[in-house]
Protein chains: 2
Amino acid sequence: MHESITIKDIAKALGFSTSTVSRALRDSHEISAETKRIVLEYAEKINYQPNPIALSLKERKSHSIGVVVCEVANNFFSQAISGIESIAYSRGYHVILSQTHESFEREIVNVNHLASRSVDGLLVSLSSGTINLDHFKKLHDKGLPIVFFDRIPKEINTHKVASNNFEGAFKATEHLINSGFKTIAHLANAAHLSISTERLAGYKAALEKHQLTFTEDLIKYCGHGGMVFEEVETAVKELLHLKNKPDAVLITSDRLSTCCLTILNHLGLSVPDDLAIAGFTNSNTAELFNPPLTTIRQPAFKIGQLATEKLISIIESKYPVTEFTTQLLDTEFSIRSSSVLSRKPALPDVF
Amino acid sequence: MHESITIKDIAKALGFSTSTVSRALRDSHEISAETKRIVLEYAEKINYQPNPIALSLKERKSHSIGVVVCEVANNFFSQAISGIESIAYSRGYHVILSQTHESFEREIVNVNHLASRSVDGLLVSLSSGTINLDHFKKLHDKGLPIVFFDRIPKEINTHKVASNNFEGAFKATEHLINSGFKTIAHLANAAHLSISTERLAGYKAALEKHQLTFTEDLIKYCGHGGMVFEEVETAVKELLHLKNKPDAVLITSDRLSTCCLTILNHLGLSVPDDLAIAGFTNSNTAELFNPPLTTIRQPAFKIGQLATEKLISIIESKYPVTEFTTQLLDTEFSIRSSSVLSRKPALPDVF
DNA sequence: TAAATTTATGCAATCGTTCCCGACGTTCTG
DNA sequence: CAGAACGTCGGGAACGATTGCATAAATTTA
């Protein structure tokens, strides 16, 4: 890739100046039709490609956006990234990927690495290890466009796109209640994440609406979100040994859902008879599970698309953007046998 | 992000020339210790960050690698990308993502877009729509480092990393034979992909070894690799209506495996009694399926890592690389109930 | 016909950095 | 003590493109 041709080569070959060539290629009005033709034909012939890095330097714009997620190999995030890529591609932006592995330090390093002017904007889903947002605030104050998605912070005023986690959890919990379950546990990701608090709130609201008392014991947090199997195993076992043993559990994370099902299968427990399950997951195969899993599915692809559109709108805005939105997208609730008792028919879900 | 500080600002503030500042920051031997101290302290104080784009222009190196895959939201590829990111990150490279959606045209556009000098090398898994490799050859001849992984071409001489598809298919087929199945169908991705031909060869070899005759009818190709459900549905139904109806099927693609199981469940057929299944998939939840799915799993993460290491080794090589390797990594075979008859005990797998 | 305008092009600065080369001053060598 | 050697530093040309300004020729206008 060293003998790459530049505008200078064209100028030299054709006897023009570089400015004339540049303008001809850009179809400037101040270049004669004849000159344009000559330049364009020659450029075409030798397959001239403008150097994007030189352009970036000049325009102070890299035409690329950085994506910061905890893990790529995850149903939700890979779908979201697919959405991000689709929009970015169509708008002429490159997508640069980085993973935090739920580590605060890694998030700081990645964000700064991306931000040190090689990226026009950032698309971020917070890591569970994030304990403060200074690294984002600093960049945001400097004027770097940032859009948060899925795991979003309250403290930073910018566009945010996420699922309607409250309603997703509310609906699923209400479904469990309507299906006849009385003691509903809650298995969650790291407690401080927006997805956790919002889903917990939805869960609580559903309990309250149906006059079920909320018990702290029934809430279990798994800080690693299912990445550490033992953590989930302990949590599930603790739930099962409770005096007020739950008959159902709402699981608010993808990996947690599958982990929990695995654990119950290993323990030889029957789902839903011993313990019913409804879980947040973006797996495409929940229907295939044994038993088929009742799921709350997030519109991951759409979330990625919307977040990217909003980011690019900030990037390309002529004037500073000060009005920001937080957009919540509805989740998709699918009732399957993991939450419907086989021995006694379930009550109708509407009532 | 406009008031970003440059080496010039430091020079002006400190009364040095830009060259001195640059050298001081680079810890050049021709700068006095005292000057270095002053410059470094000041740079630290005002949080100077070198402009990577200017560096790229100067060094003709972007410190980023382009990844071209058909689909991010896919178990195998998202795991592979995770491996790619892990190595790239540790070696100081950015990962730029693009998807072809199995389209030839899109592959050409993406590859050229990435290659037009904004990327130091390319990591490619071919799309199923790819009918010729001219776009890669052109770039490869120009000196752009390319490493292929998973779906690899024969015609281009460079590093390649993939699974040992032959052996994976061979083992699984032999397992089906040893489990007592006589008529083993083969459900595959687009016929011309390396993964398809290699897996087909493994399948044929196992049949041959066990004196089973190979029948063309029993091979069904799904050009969209399971992205188009109807295509798979048609293929499966055709298999089921064959005069020599298969009692087992080897499925050689991730999405195809789950699609097929879904279809069989929908048809009310019992797996493995009506039709046994063994499939290539990188799903983490095959164990949870109904029935648990016998799988051939590819070391996706490792493949991504190795491919990236090889790519970076070419990129950073002082002299032109002419010796290339094709590395095949072993697959992981997990026998589960989808391939083991419940009515009659299976024959031992060894023998 | 002189002046004003338009047309088509070149010059040179710019983006932020590196690095070759030259210019000092000091110290060492013979 | 002259010259070499060294240690420090600045000037300025790159890298590849864009663009404001100047300029020359051609054309129009008065």
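Note that these values count all heavy atoms, side chains included, but never hydrogens, waters or copies made by symmetry. It should be emphasised that the depicted structure is a prediction, and the values quoted were computed from it without experimental measurement. Numbered from 1 within each chain, the chains take letters A, B, ... in sequence-line order.
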Q: For the residue pair A:S82 and B:Q99, confirm or rule out a side-chain donor-acceptor distance under 3.5 Å.
A: yes
Q. Is the ring centre of A:F104 less than 6.0 Å from the ring centre of A:H135?
A. yes
Q: Using atom NZ of B:K12 as one end and atom C1' of C:dG16 as the other, report the distance to the nearest whole Å.
A: 13 Å
Q. OP1 or OP2 of C:dC15 less than 4.0 angstrom from a side-chain nitrogen or oxygen of B:K8, does that happen here?
A. yes
Q: List in chain and number order the residues that pass side chain to side chain contact (heavy atoms under 4.5 Å, CB included) with A:T35, two or more places apart in sequence or in another chain; answer none if no residue qualifies.
A: A:F16, A:T20, A:I31, A:S32, A:V39
Q) What is the distance, rounded to the nearest whole Å, between atom CD1 of A:I5 and atom C1' of D:dG16? A) 13 Å
Q: Tell me whether the OP1 or OP2 atom of C:dC15 has a side-chain N or O from A:K61 closer than 4.0 Å.
A: no
Q.
Using a strict heavy-atom distance below 4.0 Å, which residues from residues 14-27 of chain A are in contact with DNA chain D?
A. A:S19, A:S22, A:R23, A:R26
Polar atom pairs (N or O), protein with nucleotides 23-25 of chain C, under 3.5 Å:
none

Q: Measure from CD1 on B:I53 to P on C:dT18 and round the result to the nearest Å.
A: 14 Å
Q.
Using the salt bridge (Lys or Arg N to Asp or Glu O under 4.0 Å) criterion, which residues pair with B:E41? Sequence neighbours excluded.
A. B:R37
Q: In whole angstrom, give the distance that lies between atom CD of A:E59 and atom P of C:dG16.
A: 14 Å
Q | B:L55 CG to D:dG16 P, straight-line distance once rounded to whole Å | A | 15 Å
Q: Please name all residues satisfying side chain to side chain contact (heavy atoms under 4.5 Å, CB included) with A:P50, sequence neighbours left out, ordered by chain then number.
A: A:Y48, A:L55
(Q) Show every salt bridge (charged side-chain N to carboxylate O under 4.0 Å, His left out) that has at least one partner inside residues 77-91 of chain A, sequence neighbours left out. (A) A:E85-B:R106, A:R91-A:E316
(Q) Can you pull out the residues from residues 30-49 of chain B that lie within a 4.0 Å heavy-atom distance of DNA chain C? (A) B:Y48, B:Q49
Q: Would you kindly say whether B:S127 and B:T130 are connected by a side-chain donor-acceptor distance under 3.5 Å?
A: yes
Q | Pairs where residues 14-30 of chain A contributes a residue and the test salt bridge (charged side-chain N to carboxylate O under 4.0 Å, His left out) is met, not counting sequence neighbours | A | A:R23-A:E30, A:D27-A:K36
Q | Any residue meeting side chain to side chain contact (heavy atoms under 4.5 Å, CB included) with B:I315, in chain and number order, not counting sequence neighbours | A | B:K61, B:I65, B:Y93, B:D120, B:P145, B:L311
Q.
Without decimals, in angstroms, what is the distance between B:K58 NZ and D:dG12 C1'?
A. 11 Å
Q: Say whether, by atom type as modelled, one donor and one acceptor occur between the side chain of B:H101 and the main chain of B:E107 under 3.5 angstrom.
A: no
Q | Between A:T158 and A:K310, a side-chain donor and acceptor under 3.5 Å | A | no
Q: Could you check how far CG of A:L57 sits from P of C:dA13, rounded to whole Å?
A: 17 Å
(Q) Among residues at least two apart in sequence or on other chains, which ones pass side chain to side chain contact (heavy atoms under 4.5 Å, CB included) with A:T322? (A) none
**Q.** Whole-Å distance separating the CD1 atom of B:I7 from the C1' atom of C:dC19
**A.** 12 Å
Q. Is there any salt bridge (charged side-chain N to carboxylate O under 4.0 Å, His left out) pair reaching into residues 148-162 of chain B, and which pairs are they, with sequence neighbours excluded?
A. B:E102-B:R151
Q. Using Watson-Crick and G-U wobble pairs whose two distances are both under 3.5 Å, how do you write the pairing of DNA chain D as dot-bracket, with | for links to another strand?
A. ||||||||||||||||||||||||||||||
(Q) Looking at A:K12, I'd like to know if its NZ atom is crowded, meaning that more than 12 non-hydrogen atoms belonging to other residues, nucleotides or ligands lie closer than 6.0 Å. (A) no
